[in-house]
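See below for the structure under consideration.
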Amino acid sequence: MVKVVVCGAAGGIGQPLSLLLKQSDLITDLALYDVVNAPGVAADLSHINTKSKVTGHGKDDMDAALKDAHTVVIPAGVPRKPGMTRDDLFKINAGIIATLAEGVAKNCPGAFVLVISNPVNSTVPIVAEVLKKHGVFNPKKVFGISTLDVVRSSRFVSEVNPSVDPKTTRVTVVGGHSGVTIVPILSKIPDFVEGLSKEQLDALTHRIQYGGDEVVKAKDGAGSATLSMAYAGARFALTLLEATVAEKTGLIESSYVNLDADVESTASFKAKHGLDYFALDVEFGKEGVKHILPLPQVSAYEQTLLDAAYPELKANITKGASFVTSA
């Protein structure tokens with residue numbers, strides 16, 4: 001049995017994400033949890049002719065939803081609205097995430113936990129600290145989904161240079177999952193950066209870092225990036241299932257992870273920068289994180305981006321961790 005749970009399944013990300021997951025033959029049980037409307041979403045999806053059984057779970061049914069889960073995907077929380085800072089978002093979403101992490105610790109302590117809820121730089125440490133409190137934290141099994149930054153990068157690069165295929169061109173994006181902490185390593189795309197002016201590079205980098213704002217503004221108060229985030233979240237979840245269930249090898253996605261998931265690869269980086277979490281390319285294995293790939297060699301331009309990202313990330317991480325440890 002491979003049970004996948006979506007927490008926040010009736011929301012703007014949760015519904016399309018659940019639809020995409022319903023298409024996978026690797027999932028036998030798809031449990032949808034939300035404080036409202038989850039049974040209705042589940043009834044709708046249950047009519048789709050794929051193998052998985054779909055169940056819907058309301059506000060008071062979290063334990064049943066999470067019981068014995070293989071993978072838990074968390075898009076729960078409120079979306080960012082125009083004028084709302086990520087700090088405002090944190091205050092609302094932190095409590096929601098901590099409650100769900102408590103549910104994971106109680107009902108499926110060995111599950112893979114995939115965090116979509118923003119601000120990811122802080123919500124992943126919240127999940128980790130709650131699991132630590134219960135003695136069930138495994139750094140190889142907790143992931144912040146920063147895949148949307150990679151997806152956007154591939155698309156935006158192809159808009160600058162139409163000869164770049166957005167589907168097959170993968171841009172390594174490191175750091176975190178908000179603003180200046182998002183660092184695209186564009187220098188690794190052969191012959192791409194050489195043809196760009198400094199102004200073009202600045203504009204492209206800014207667009208990748210603040211792509212979410214573009215969507216928030218375009219939706220004019222009606223939400224944030226939901227469809228593209230659902231696509232990125234499903235891509236990540238399905239890749240993880242390919243590695244952990246189908247046991248395929250060599251699968252790599254960018255993810256915001258606890259660096260203790262691969263101490264051998266990250267010890268010197270962690271010591272140098274004093275960071276417990278960082279987004280890097282991660283190779284998946286049967287136990288989750290098999291290997292965290294090292295930070296690639298970067299250009300002088302990218303080094304300045306990294307130098308700006310480190311202090312911001314450190315503050316985000318501390319904020320998330322202390323929400324649990326100082327409670």
Side-chain angles (χ1 to χ4, degrees), residues 1-9 14 29-35 38 55 57-77 90-145 177 233 236-237 240-241 244-245 255-263 266 270 275-278 282 284-290 292 316-327:
M1 188 185 90
V2 178
K3 181 179 180 180
V4 175
V5 186
V6 179
C7 294
D29 288 69
L30 184 60
L32 309 185
Y33 169 74
D34 211 321
V35 291
T55 54
H57 305 266
K59 185 177 181 181
D60 300 322
D61 203 22
M62 180 176 70
D63 290 345
L66 289 169
K67 191 70 179 169
D68 302 324
H70 175 280
T71 298
V72 179
V73 192
I74 307 179
F90 174 83
K91 288 170 185 168
I92 300 167
N93 285 349
I96 296 170
I97 302 309
T99 300
L100 292 170
E102 293 275 352
V104 169
K106 178 181 171 187
N107 296 289
C108 52
F112 299 96
V113 184
L114 282 48
V115 183
I116 292 173
S117 309
N118 274 318
V120 164
N121 294 356
S122 301
T123 53
V124 172
I126 287 173
V127 170
E129 291 302 326
V130 169
L131 297 180
K132 283 179 192 175
K133 258 176 52 176
H134 291 271
V136 295
F137 175 60
N138 180 345
K140 293 181 182 295
K141 291 191 166 189
V142 177
F143 301 89
I145 297 185
H177 184 53
F236 187 96
L240 182 69
L241 290 171
T244 57
V245 178
S255 183
Y256 180 71
V257 290
N258 186 293
L259 297 177
D260 285 345
D262 184 359
V263 174
T266 63
K270 184 176 174 179
L275 294 169
D276 291 321
Y277 298 85
F278 202 74
V282 173
F284 295 140
K286 191 158 171 46
E287 300 306 313
V289 175
K290 180 180 180 182
I292 299 176
N316 294 164
I317 293 163
T318 300
K319 186 175 187 174
S322 62
F323 178 81
V324 178
T325 57
S326 63

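Judged as a ring pair (Phe, Tyr, Trp, His ring centres under 6.0 Å), and not counting sequence neighbours, Y33 has no contacts. Every residue meeting the side chain to side chain donor-acceptor pair (under 3.5 Å) condition with Y277, not counting sequence neighbours, appears here in chain and number order: N258. Under the side-chain contact (heavy atoms from CB on, under 4.5 Å) criterion, N93 pairs with V78, L89, I96, not counting sequence neighbours. Listed by chain and number, the residues in a side-chain contact (heavy atoms from CB on, under 4.5 Å) with A261 are P139, K140, V289, I292 (sequence neighbours excluded).
Between the T266 side chain and the L259 main chain, a donor and an acceptor come within less than 3.5 Å of each other. Listed for the S122 side chain is no donor-acceptor partner under 3.5 Å among the backbone atoms of I317.
The shortest side-chain heavy-atom distance between V73 and I116 falls under the 4.5 Å cut-off. Taking the side chain as every heavy atom from C-beta outward, H177 and N118 approach each other to under 4.5 Å. Side chains of P125 and D276 form no contact here, defined as non-hydrogen atoms less than 4.5 Å apart.
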message = Using the rule given for side chain to side chain contact (heavy atoms under 4.5 Å, CB included), can you reason through L100 versus M62, listing the C-alpha separation, both sets of side-chain angles and the distance that settles it, and then say yes or no?
response = CA-CA 8 Å; L100 292 170; M62 180 176 70; 3.7 Å; yes

task = Apply side chain to side chain contact (heavy atoms under 4.5 Å, CB included) to the pair I97 and V127, showing each step before the final yes or no.
result = CA-CA 7 Å; I97 302 309; V127 170; 3.5 Å; yes

key: Trace of the side chain to side chain contact (heavy atoms under 4.5 Å, CB included) decision for L66 with K106   = CA-CA 9 Å; L66 289 169; K106 178 181 171 187; over 6 Å; no

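When T244, L241, T71, D29 are each tested for a side chain to side chain contact (heavy atoms under 4.5 Å, CB included) with V2, only one passes: L241.
Under the side chain to side chain donor-acceptor pair (under 3.5 Å) criterion, the residue pairs touching residues 123-137 are E102-H134, E129-K132, with sequence neighbours excluded. Within the structure, ring-ring contact (aromatic ring centres under 6.0 Å, His included) pairs that include any residue of residues 98-129 comprise H70-F112 (at least two apart or interchain).
Nearest heavy atom pair, residue A69 against residue C108, reads N-CB, 3.5 Å. Scanning all heavy atoms of the two residues, the minimum distance from P75 to G8 falls at CG-O, 4.0 Å. Across all non-hydrogen atoms, the minimal contact from G288 to L240 is CA-CD1, 4.4 Å. Smallest separation of non-hydrogen atoms from A9 and L32: CB-CB, 3.5 Å. Across all non-hydrogen atoms, the minimal contact from K141 to G110 is NZ-O, 2.7 Å.
Distance OH/Y256 to CZ/F278: 9.5 Å, rounded to 0.5 Å. Distance check, rounded to the nearest 0.5 Å: CD1 of I126 to OG1 of T325 gives 10.5 Å. Between the CG atom in N121 and the OG1 atom in T318 there is a gap of 11.5 Å [rounded to 0.5 Å]. Of the inter-residue distances, the one linking I145 atom CD1 with S117 atom OG reads 9.5 Å to the nearest 0.5 angstrom.
In the displayed structure, K290 atom NZ is contacted under 6.0 Å by at most 12 heavy atoms of other residues, nucleotides or ligands.
Using a cutoff of 4.0 Å between basic side-chain nitrogens and carboxylate oxygens, K3 and D68 are not scored as salt-bridged.
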